[in-house]
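In what follows, every chain begins at residue 1, and chains take the letters A, B, ... in the order their sequences are listed.
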Amino acid sequence: MTADTSEWFSEAVLGWFDRHGRKDLPWQRDPSPYRVWVSEIMLQQTQVAVVIPYFERFLAQFPTVADLAETSEDRLMAIWSGLGYYARARNLHRAAGLIRDLHGGVFPTAIEPLLALPGIGRSTAGAVLSLALDQPHPILDGNVKRVLARAFGVEGWPGQAPVLARLWTLAERLTPENRVGAYNQGMMDLGATLCTRRAPACARCPLSERCVARRSGRQAELPTPRPRRSPAERETLMLLLVDPTGDILLERRPKSGIWGGLWSLPEIAPGADPRDWCLAGLGVVPARVEMIGARRHSFSHFNLDIRIALVQLDTMPGQVADDAGRRWLNRADLDALGLPAPVKDILDRFQAGRAQSPVRAQPHGDVS
DNA sequence: AACTCGGGGGA
DNA sequence: TCCCCAGAGTT
């Protein structure tokens with residue numbers, strides 16, 4: 001690539017950004033490194049429209065990195081619940097503690113200390129420093145990958161190391177020395193609003209004149225999609241245990257794996273008997289066990305069939321309070337915890353049904 | 001039903 | 001270094 005191409009490219013992006021880019025997102029008002037960092041971590045996994053209310057709640061709860069460092073994991077997870085990728089919330093928390101302990105509570109403004117923090121890689125570090133402080137670092141998020149792969153005709157799935165390296169080289173050479181924040185934001189906005197995965201709006205794109213994909217009609221083929229794998233099937237049986245006061249038993253999930261660290265309903269093998277679990281785990285025999293529904297939850301790499309057993313106790317179970325990984329909770333307590341989206345939905349529906357008729361549960365629909 | 005997302009961590 | 005993993009929303 002010639003220097004002329006590089007200059008033409010960044011001028012085209014900056015000119016378009018000045019006229020059409022997004023400049024009023026919540027984290028663009030007072031774009032401190034802390035605020036941009038939180039927004040970038042949220043945006044790694046979720047689209048802008050979904051992130052905005054989460055971002056506002058997060059910043060209201062934790063206005064500074066010091067507030068985040070001091071909070072409990074449960075309070076953090078309650079805010080993060082529903083966003084997914086919960087390990088990243090824990091990385092955010094760990095990083096805040098490291099900033100407190102290693103950097104005197106001051107958010108690092110150089111790339112090396114940023115890269116040393118958990119959850120921050122090259123692209124996120126570059127985004128924080130360029131968007132917040134206009135430092136000259138390239139970024140390479142999903143939007144930028146798509147724009148570059150099309151504009152320069154980069155073949156191959158960007159998950160492959162050689163393809164990724166080629167894209168990083170392009171990003172380095174194209175990123176201007178001045179107005180880096182505006183350029184990087186412009187690249188992300190181009191990818192998010194014009195150079196979309198399907199049906200890109202090439203007619204309005206400032207790069208279309210020289211875009212390799214556009215000139216060869218290969219917008220639909222670039223970037224090369226990830227090779228597909230057929231998803232596995234899994235089954236689980238969730239226990240909705242209700243004690244005589246109406247409290248519901250939750251268990252904390254292991255930190256690794258799906259819904260890591262979140263509170264969830266106890267799960268047993270699909271063929272196991274909930275009565276056996278109650279006797280072994282709680283020392284009581286339930287008054288009543290009833291299958292009240294099922295649902296299917298899809299992940300990108302497996303499908304999970306969830307069946308739900310309502311287990312009602314007529315005697316108070318003992319000694320559960322001693323176990324930090326298990327809690328009996330009322331409705332207000334449940335709202336303060338981080339719950340996986342399908343579990344929250346199951347409990348919401350159950351509570352709604354119970355509000356109408358205290359004894360019967362609301363059916364949840366069937367596995368399709 | 002298929003697709004998406006940056007970084008962590010195990011092999 | 002390579003490969004797998006994660007979760008909810010969108011289309």
Ring centres under 6.0 angstrom apart (A/Tyr86, A/Trp259)
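Here the rings of A/Trp259 and A/Tyr86 have centres that are no less than 6.0 Å from each other.
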Pair A/Phe58 + A/Phe62: ring centers closer than 6.0 Å:
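Yes, ring centres under 6.0 Å apart.
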Integer angstrom distance from the P of B/dG10 to that of C/dG7:
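That atom pair is separated by 16 Å.
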Over how many whole Å does the gap from [X] atom [atom1] to [N] atom [atom2] extend?
X        : N      : atom1 : atom2 : value
A/Leu339 : C/dG7  : CG    : P     : 14 Å
A/Met42  : C/dG7  : CE    : P     : 15 Å
A/Asn91  : B/dG8  : CG    : P     : 6 Å
A/Gln44  : C/dG7  : CD    : C1'   : 14 Å
A/Trp168 : B/dG7  : CH2   : C1'   : 12 Å
A/Gln47  : C/dG9  : CD    : P     : 11 Å
A/Leu43  : C/dT10 : CG    : C1'   : 16 Å
A/Leu164 : C/dC2  : CG    : P     : 11 Å

Using the closest heavy atom to pick a nucleotide of DNA chain B for each, name whichever of A/Arg122 or A/Pro223 lands nearer the 5' end.
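Nearer the 5' end of the strand: A/Pro223.
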Just checking [X]: base, sugar-phosphate only, or nothing, at a heavy-atom cut-off of under 4.0 Å?
X        : answer
A/Arg90  : nothing
A/Gly82  : sugar-phosphate
A/Ile120 : sugar-phosphate
A/Pro225 : nothing
A/Lys145 : sugar-phosphate
A/Pro158 : nothing

Stem segments of DNA chain B by first residue number [Watson-Crick or G-U, under 3.5 Å, at least 3]
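DNA chain B stems, ordered by first number: B:1-5 with C:7-11, B:7-11 with C:1-5.
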Close side-chain approach of A/Met77 and A/Ser72, heavy atoms under 4.5 Å
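No, side chains not in contact.
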Would you indicate which nucleotide in [options] comes nearest to any side-chain atom of [X]?
X        : options              : value
A/Ala161 : C/dG9, C/dC2, C/dA8  : C/dC2
A/Ile258 : C/dT10, C/dC2, C/dG7 : C/dG7
A/Trp259 : C/dA8, C/dC2, B/dG8  : C/dA8
A/Ala341 : C/dA8, B/dC5, C/dG9  : C/dA8
A/Arg146 : B/dG7, C/dT10, B/dC5 : B/dC5
A/Arg197 : B/dT4, C/dG9, B/dG7  : B/dT4
A/Pro340 : C/dG7, B/dG7, C/dA8  : C/dA8

Using a cut-off of strictly less than 4.0 Å, decide whether A/Thr46 has a side-chain nitrogen or oxygen near OP1 or OP2 of C/dG7.
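For C/dG7, OP1/OP2 do not have a side-chain N/O of A/Thr46 under 4.0 Å.
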C/dA8, OP1 or OP2 - any side-chain N/O from A/Tyr86 closer than 4.0 Å?
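A/Tyr86 to C/dA8 OP1/OP2: side-chain N or O found under 4.0 Å.
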Using the ring of each side chain (for Trp, its six-membered ring), is A/Phe107 parallel, tilted or perpendicular to A/Tyr34, with breaks at 30° and 60°?
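Ring orientation of A/Phe107 relative to A/Tyr34: perpendicular.
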